[in-house]
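Numbering starts at 1 and runs along the sequence shown.
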Amino acid sequence: MRQLTKTEAAILLAGAFLMVVGAGLYVFGIQGVSPWIFAVGAVAFAAMQLRQTYGGRDATLKRLRRIMSVGDSLFILSAALMLENNYHVLMPLFVKYIPDGYYHYVTYIHNNWVIILLVAAIIEIYTTHRISHELKKNMPGTDE
């Protein structure tokens with residue numbers, strides 16, 4: 001695995017922190033700027049994780065990196081849905097062009113950023129743990 005530089009690691013941690021702050025502020029009612037804080041954090045976090053490439057031949061690690069990329073994409077999708085939940089950009093399109101559009105908007109868009117965020121977090125936790133385990137297992141000199 002390619003190690004991040006100190007600057008990249010700081011950006012990764014800052015992105016994770018901004019995601020937590022943005023989601024927390026949104027949940028506790030400060031919804032004006034919190035989606036933007038979350039979005040900046042999600043993009044920074046995902047970008048830095050995508051810079052952590054794996055150039056080896058281990059199929060398990062390659063698979064886990066692909067799964068982690070899906071988690072990163074879900075973080076960004078969650079940010080987009082949080083922004084949509086706050087500003088309702090797509091709602092007029094749903095109402096105008098889809099029969100019973102308001103019902104479908106509420107069903108598929110409204111507050112579903114939380115579910116996407118939960119799925120992304122579970123994926124990230126799983127892949128981070130498994131990648132760490134696989135890297136330890138493949139290191140010479142370890143007894144696992």
Side-chain angles (χ1 to χ4, degrees), residues 1-94 97-98 101-144:
M1 287 289 277
R2 177 189 173 276
Q3 293 296 315
L4 295 177
T5 65
K6 287 185 179 187
T7 304
E8 291 170 337
I11 292 170
L12 179 81
L13 288 175
F17 178 74
L18 288 174
M19 285 194 302
V20 170
V21 168
L25 289 175
Y26 194 90
V27 168
F28 289 113
I30 303 171
Q31 298 175 352
V33 71
S34 59
W36 294 105
I37 293 171
F38 183 85
V40 168
V43 168
F45 184 82
M48 290 305 108
Q49 274 203 338
L50 291 174
R51 291 189 52 80
Q52 264 185 323
T53 57
Y54 175 69
R57 294 183 179 196
D58 188 352
T60 303
L61 285 171
K62 286 182 179 182
R63 175 184 56 84
L64 289 167
R65 284 294 305 148
R66 283 193 304 269
I67 294 170
M68 188 178 271
S69 297
V70 169
D72 292 334
S73 301
L74 290 177
F75 277 136
I76 293 171
L77 177 61
S78 180
L81 288 175
M82 185 189 282
L83 286 163
E84 173 59 33
N85 199 54
N86 203 35
Y87 295 108
H88 305 291
V89 174
L90 296 177
M91 188 166 62
L93 298 174
F94 270 75
Y97 295 111
I98 299 174
Y102 184 76
Y103 170 77
H104 291 296
Y105 179 83
V106 169
T107 301
Y108 298 116
I109 304 292
H110 188 69
N111 284 339
N112 283 341
W113 66 269
V114 178
I115 296 166
I116 304 291
L117 178 60
L118 178 64
V119 171
I122 290 169
I123 288 172
E124 290 294 324
I125 289 169
Y126 170 74
T127 55
T128 301
H129 171 73
R130 289 288 296 134
I131 287 172
S132 173
H133 178 74
E134 288 295 320
L135 287 174
K136 283 181 188 174
K137 187 169 79 172
N138 293 339
M139 289 179 83
T142 59
D143 295 330
E144 279 198 52

[X] versus [Y], closest heavy-atom pair with distance:
| X | Y | result |
| --- | --- | --- |
| Gly71 | Ala120 | O-CB, 3.6 Å |
| Asn86 | Pro35 | ND2-CG, 3.6 Å |
| Ala42 | Ile76 | O-CG1, 4.2 Å |
| Gly22 | Ser34 | O-CB, 3.3 Å |

Please check this pair: side chain of [X] against backbone of [Y], looking for a donor-acceptor N/O pair closer than 3.5 Å.
| X | Y | result |
| --- | --- | --- |
| Glu84 | Val89 | yes |
| Ser132 | Thr128 | no |
| Arg65 | Thr53 | no |

Could you go through Tyr126 and Leu64, starting from their C-alpha distance and side-chain angles, then the distance that decides it, and tell me whether this counts as side chain to side chain contact (heavy atoms under 4.5 Å, CB included)? CA-CA 9 Å; Tyr126 170 74; Leu64 289 167; 4.0 Å; yes
Do NZ/NE/NH1/NH2 and the carboxylate oxygens of Glu134 and Arg63 come within less than 4.0 Å?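 Answer for the salt bridge query: no.
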Going from [atom1] on [X] to [atom2] on [Y], what distance comes out if it is rounded to the nearest 0.5 angstrom?
| X | Y | atom1 | atom2 | result |
| --- | --- | --- | --- | --- |
| Ile67 | Arg130 | CD1 | CZ | 9.5 Å |
| Asn138 | His133 | CG | NE2 | 9.0 Å |
| Leu25 | Leu18 | CG | CG | 10.5 Å |
| Tyr87 | Gln31 | OH | CD | 10.0 Å |
| Asn111 | Met82 | CG | CE | 10.0 Å |
| Ile122 | Leu117 | CD1 | CG | 10.0 Å |

Report yes if the distance between the aromatic ring centroids of Phe38 and Tyr26 is under 6.0 Å, otherwise no.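 No, they do not, as the ring centres are separated by 6.0 Å or more.
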Does the plane of the ring in His110 sit parallel, tilted or perpendicular to the ring in Tyr105? Use 30° and 60° as the thresholds.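 Rings of His110 and Tyr105: tilted, as their planes differ by 30° to 60°.
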Taking side chain as C-beta onward, heavy atoms only, is [X] less than 4.5 Å from [Y]?
| X | Y | value |
| --- | --- | --- |
| Gln49 | Leu4 | no |
| Asn85 | Ile109 | no |
| Val43 | Phe75 | no |

Just checking His129: does its NE2 atom have more than 12 heavy atoms from other residues, nucleotides or ligands closer to it than 6.0 angstrom? no
Surrounding CZ of Arg2 (heavy atoms of other residues, nucleotides or ligands, distance under 6.0 Å), is the total greater than 12? yes
